[in-house]
Peer 1: 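The structure under discussion is supplied below as structure tokens; questions concerning it will follow.
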Amino acid sequence: MSSSAEAPVFDPWRPSFVADPYPAYAELREGGRAHWFEPSRQWLIPRHADVSALLRDRRLGRTYLHRFSHEEFGRTAPPPEHEPFHTLNDHGMLDLEPPDHTRLRRLVSKAFTPRTVEALVPTIQRLAGELVDSFVASGGGDLIAAVAEPLPVAVIAEMLGIPPADRPALRPWSAEICGMYELSPSEETARRAVRASVEFSAYLRGLIDERRKSPGDDLISGLIAAYDEGDRLTEQEMISTCVLLLNAGHEATVNSTGNGWWALFRHPEQLAALRADPDALLPTAVDELLRFDTPLQLFERWVLEDIEVGGTVIRRGSEVALLFGSANRDPARFDRPDDLDLSRADNPHVSFGAGIHYCLGAPLARLELMASFGALLRKAPGMRLVREPERGTNFVIRGLRELLVEI
């Protein structure tokens, strides 16, 4: 397959591909460094070196609107009825470029300093322990619903200062919004995302009003203080930042937990090694599980200036799809990439991205994963799978519908 050929092995809407995309990724890597994919009109980039380099290349951007209009860039503006989703999405720092990205990230990063994250360790361990205790007492069940989902939602909601009674709505809103990050989402998906965007924004606007009147020791109060001190943070930016932190702060962790345990159950010798010495192995195990079955399979960038990848010129106005899942299995960078090796030390996976958009919450995600895996390994050492899990239908955000286990 030449670098300019279509990629027929890549079919993100075929259930068998979604279940196991890794053999197709191997074909893509062997066939070239850039592949045109007509259904989504994107260039697929499958190799680790290219994905890593393009994540850092400032000739690409998460948006183009800081430099061009839709017309100048050869693109059509989104339908007006999708406006609530795009207003919410486009004002978060993940979809902004400097200088707005720099300003927002500087403000939000104050909540994710090493000292701040380290201070959360006792809280995260306590929450994980309580969830696992309840799970063990009930004899098991759906690990996703009982442990994987509640932990990161509770942590990020605690940081934002969202009252416990309001938290059940967060995960459904997030799931509806994240549906728009799949390739070529349907109109029904867009409708659901718009509704969730309207409801979530209205809720946060009310919460921001409350925090203005009665500030607390939370991130929303901190963002309000920065705004009040003239740091040019708009209310829409505050709302979009909170939604981004919730979505990014738990979607990957939830799916990494489910994908990780499913990988461990399929590799009993690795699970046995982890159970034998969890304290020693967990730090490298968490990163290996993130690499082995990547929770975010694809990350998109707009081409702001012509680039060349493997002899293929990709013109300004194009969109590239950086295949994280493929990059993380590239034999040119990883020894035995299709083997799960929990002791793998040389592990430069791209699951958290790279460059200016590197995941701000990566240290927090690692802490949450270590806490939940550690609690389950200690308190449910004989946990076993009830039946093979059903994978979700989404490709970009890769996870399980449920993972039924017994203690």
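From a predicted model like this one, the values you see are computed outputs, not experimental measurements. Both backbone and side-chain heavy atoms feed into the values below; hydrogens, waters and symmetry mates do not.
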Peer 1: I want to check something: taking the side chain as every heavy atom from C-beta on, are Asp218 and Met159 in contact at a cut-off of under 4.5 Å?
Peer 2: no

Peer 1: Nearest heavy-atom pair of Arg167 and Ala154: which atoms, and what distance?
Peer 2: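 Taking every non-hydrogen atom into account, NH1-O, 4.0 Å.
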
Peer 1: Around atom CZ of Arg387, are there more than 12 heavy atoms of other residues, nucleotides or ligands at under 6.0 Å?
Peer 2: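 It does not: Arg387 CZ has 12 such atoms or fewer within range.
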
Peer 1: Working to the nearest 0.5 Å, report the span between CZ of Arg47 and OG of Ser52.
Peer 2: 15.0 Å

Peer 1: Are more than 12 heavy atoms from other residues, nucleotides or ligands located less than 6.0 Å from atom CD of Glu406?
Peer 2: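 Enclosed.
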
Peer 1: Output, in order, the C-alpha distance, side-chain angles, deciding distance and verdict of salt bridge (charged side-chain N to carboxylate O under 4.0 Å, His left out) for Arg41 and Glu319.
Peer 2: CA-CA 8 Å; Arg41 300 194 60 77; Glu319 190 175 31; over 6 Å; no

Peer 1: For Asp100 and Arg105: C-alpha separation, side-chain torsions, deciding distance, then whether salt bridge (charged side-chain N to carboxylate O under 4.0 Å, His left out) applies.
Peer 2: CA-CA 8 Å; Asp100 287 330; Arg105 189 173 178 107; over 6 Å; no

Peer 1: Take Phe292 and Asp339, measure what side-chain contact (heavy atoms from CB on, under 4.5 Å) needs, and give me the verdict at the end.
Peer 2: CA-CA 8 Å; Phe292 185 76; Asp339 291 351; over 6 Å; no

Peer 1: After noting the C-alpha distance and the side-chain angles of Arg333 and Asp330, does the key distance pass the salt bridge (charged side-chain N to carboxylate O under 4.0 Å, His left out) rule?
Peer 2: CA-CA 6 Å; Arg333 185 58 189 85; Asp330 189 345; over 6 Å; no

Peer 1: Report the C-alpha distance between Phe324 and His48 in whole Å, list the side-chain angles of each, state the deciding distance to 0.1 Å, and finish with yes or no for ring pair (Phe, Tyr, Trp, His ring centres under 6.0 Å).
Peer 2: CA-CA 8 Å; Phe324 283 12; His48 183 279; 9.9 Å; no

Peer 1: Locate the shortest heavy-atom distance separating Asn259 from Gly399; write the atom from each residue and the value.
Peer 2: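 So the two residues come closest at OD1-CA, 3.6 Å.
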
Peer 1: Kindly give the heavy-atom pair with the smallest separation between Leu342 and Leu264, and that separation in Å.
Peer 2: CD1-CD2, 3.8 Å

Peer 1: When you look at Leu107 and Leu233, which way does the side-chain contact (heavy atoms from CB on, under 4.5 Å) test go after all the steps?
Peer 2: CA-CA 9 Å; Leu107 290 168; Leu233 186 70; 4.0 Å; yes

Peer 1: Can you confirm whether the side chains of Gln42 and His35 place a donor and an acceptor under 3.5 Å from each other?
Peer 2: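 Looking only at side-chain atoms, His35 and Gln42 do not form any donor-acceptor pair under 3.5 Å.
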
Peer 1: To the closest 0.5 Å, what do you measure between CG (Leu360) and CG (Leu104)?
Peer 2: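 Those atoms lie 11.0 Å apart.
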
Peer 1: Just do the side-chain contact (heavy atoms from CB on, under 4.5 Å) check on Ile314 and Val320 with the steps written out, would you?
Peer 2: CA-CA 9 Å; Ile314 302 179; Val320 296; 4.2 Å; yes

Peer 1: With a 4.5 Å cut-off on side-chain heavy atoms, are Glu402 and Arg391 touching?
Peer 2: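 The answer is no, as the side chains (C-beta and beyond) never meet within the 4.5 Å cut-off.
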
Peer 1: Can Arg291 be said to sit on top of Phe334's aromatic six-ring, NZ or CZ under 6.0 Å from centre and within 45° of the ring axis?
Peer 2: yes

Peer 1: Going by an N to O cut-off under 4.0 Å, is there a salt bridge joining Glu188 and Arg192?
Peer 2: yes

Peer 1: Answer yes or no: is there a side-chain heavy-atom contact under 4.5 Å between His66 and Pro98?
Peer 2: no

Peer 1: Using side-chain heavy atoms (C-beta onward) and a distance below 4.5 Å, is Thr113 in contact with Thr116?
Peer 2: yes

Peer 1: Would you list the pairs meeting ring-ring contact (aromatic ring centres under 6.0 Å, His included) in which at least one residue belongs to residues 353-387, sequence neighbours left out?
Peer 2: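 Of all non-adjacent pairs touching residues 353-387, those that pass ring-ring contact (aromatic ring centres under 6.0 Å, His included) are His101-His357, Trp261-Phe373.
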
Peer 1: Looking at Phe299, I'd like to know if the NZ or CZ of Arg62 sits under 6.0 Å from its six-membered ring centre while staying within 45 degrees of the ring's axis.
Peer 2: yes

Peer 1: So if I apply the salt bridge (Lys or Arg N to Asp or Glu O under 4.0 Å) rule between Glu305 and each of Arg315, Arg316, Arg67, which one comes out positive?
Peer 2: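 Result for salt bridge (Lys or Arg N to Asp or Glu O under 4.0 Å) with Glu305: Arg67.
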
Peer 1: Between Glu288 and Arg344, is there a salt bridge with N-O shorter than 4.0 Å?
Peer 2: yes

Peer 1: Is any side-chain heavy atom of Thr241 closer than 4.5 Å to one of Leu223?
Peer 2: yes

Peer 1: Look at the aromatic rings of Trp173 and Tyr203 and report parallel, tilted or perpendicular, splitting at 30° and 60°.
Peer 2: tilted

Peer 1: With the side chain counted from C-beta on, respond yes when Leu304 and Arg59 share a heavy-atom pair under 4.5 Å apart, and no when they do not.
Peer 2: no

Peer 1: Will you find, in the side chains of Asp95 and Thr63, an N or O donor that is under 3.5 Å from an N or O acceptor?
Peer 2: no

Peer 1: Let me confirm one number: the CG-CZ distance from Leu404 to Arg384, rounded to the nearest 0.5 Å.
Peer 2: 13.5 Å

Peer 1: Distance alone, cut at 3.5 Å: any donor-acceptor contact between the side chains of Glu182 and Thr189?
Peer 2: no

Peer 1: Tell me the closest heavy-atom pair linking Pro278 and Leu377, and the distance in Å.
Peer 2: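 Closest heavy-atom pair between Pro278 and Leu377: CB-CD1, 3.9 Å.
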
Peer 1: Tell me every residue that passes salt bridge (charged side-chain N to carboxylate O under 4.0 Å, His left out) with Arg266, counting only those two or more places apart in sequence or in another chain.
Peer 2: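 Testing Arg266 for salt bridge (charged side-chain N to carboxylate O under 4.0 Å, His left out), a comparison that skips the adjacent residues, returns none.
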
Peer 1: How long is the straight-line distance from CD1 of Ile224 back to CD of Glu235, given to the nearest 0.5 Å?
Peer 2: 8.5 Å

Peer 1: If you round to the nearest 0.5 Å, how far is OG of Ser256 from CG of Leu296?
Peer 2: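 Nearest 0.5 Å value for the CG-OG distance: 9.5 Å.
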
Peer 1: Compare every heavy atom of Glu81 with every heavy atom of Pro84, then report the nearest pair and how far apart it is.
Peer 2: CD-O, 3.8 Å

Peer 1: For Ile177, run the side chain to side chain contact (heavy atoms under 4.5 Å, CB included) check against Val194, Asn247, Leu246 and tell me which one passes.
Peer 2: Asn247

Peer 1: Would Arg171 and Glu251 pass as an ion pair if we require N to O under 4.0 Å?
Peer 2: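 A salt bridge is present here (some side-chain N lies under 4.0 Å from a carboxylate O).
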
Peer 1: For the pair Phe395 and Trp13, evaluate side-chain contact (heavy atoms from CB on, under 4.5 Å) and give the outcome as yes or no after the intermediate values.
Peer 2: CA-CA 8 Å; Phe395 158 66; Trp13 302 285; over 6 Å; no

Peer 1: Is the charged tip of Arg366 near the ring of Phe352: under 6.0 Å from the six-membered ring centre and within 45° of its axis?
Peer 2: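 Judged by the rule (NZ or CZ under 6.0 Å from the ring centre, within 45° of its axis), Arg366 is not positioned above Phe352.
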
Peer 1: Do Thr393 and Arg401 have side chains that get closer than 4.5 Å, going by heavy atoms?
Peer 2: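 Result yes, sub-4.5 Å side-chain heavy-atom pair found.
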
Peer 1: Once you round to the nearest 0.5 Å, how far does CD1 of Ile239 lie from CG of Leu204?
Peer 2: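 With rounding to 0.5 Å, CD1 (Ile239) is 6.5 Å from CG (Leu204).
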
Peer 1: Decide yes or no on salt bridge (charged side-chain N to carboxylate O under 4.0 Å, His left out) for Arg301 and Glu97, but give the supporting numbers first.
Peer 2: CA-CA 11 Å; Arg301 290 285 176 91; Glu97 291 296 315; 5.6 Å; no

Peer 1: Do any N or O atoms from the side chain of Ser326 and from the backbone of Pro46 form a donor-acceptor pair under 3.5 angstrom?
Peer 2: yes

Peer 1: Anything under 3.5 Å between a donor and an acceptor, one on a side chain of residues 122-130, the other on a protein residue two or more places apart or in another chain? List them.
Peer 2:
{"residue": "Arg126", "atom": "NH1", "partner": "Glu130", "partner atom": "OE2", "Å": "3.4"}

Peer 1: Determine, using ring centers only, whether His70 and Tyr64 are less than 6.0 Å apart.
Peer 2: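 Yes: the rings meet the under 6.0 Å criterion.
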
Peer 1: Distance only, no hydrogens: is a donor on one side chain within 3.5 Å (strictly under) of an acceptor on the other, for Ser240 and Asn89?
Peer 2: no

Peer 1: Which atom pair, heavy atoms only, marks the closest approach of Gly258 to Leu400?
Peer 2: O-CD1, 3.4 Å

Peer 1: How about His250 and Leu151: do any of their side-chain heavy atoms sit closer than 4.5 Å?
Peer 2: no

Peer 1: I'd like to know if the side chain of Glu368 reaches the main chain of Val155, judged simply by a donor and an acceptor atom lying under 3.5 Å from each other, with no hydrogens or angles considered.
Peer 2: no

Peer 1: Hydrogens and angles aside, do Gln236 and Thr234 bring a side-chain donor and acceptor to less than 3.5 Å of each other?
Peer 2: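 No.
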
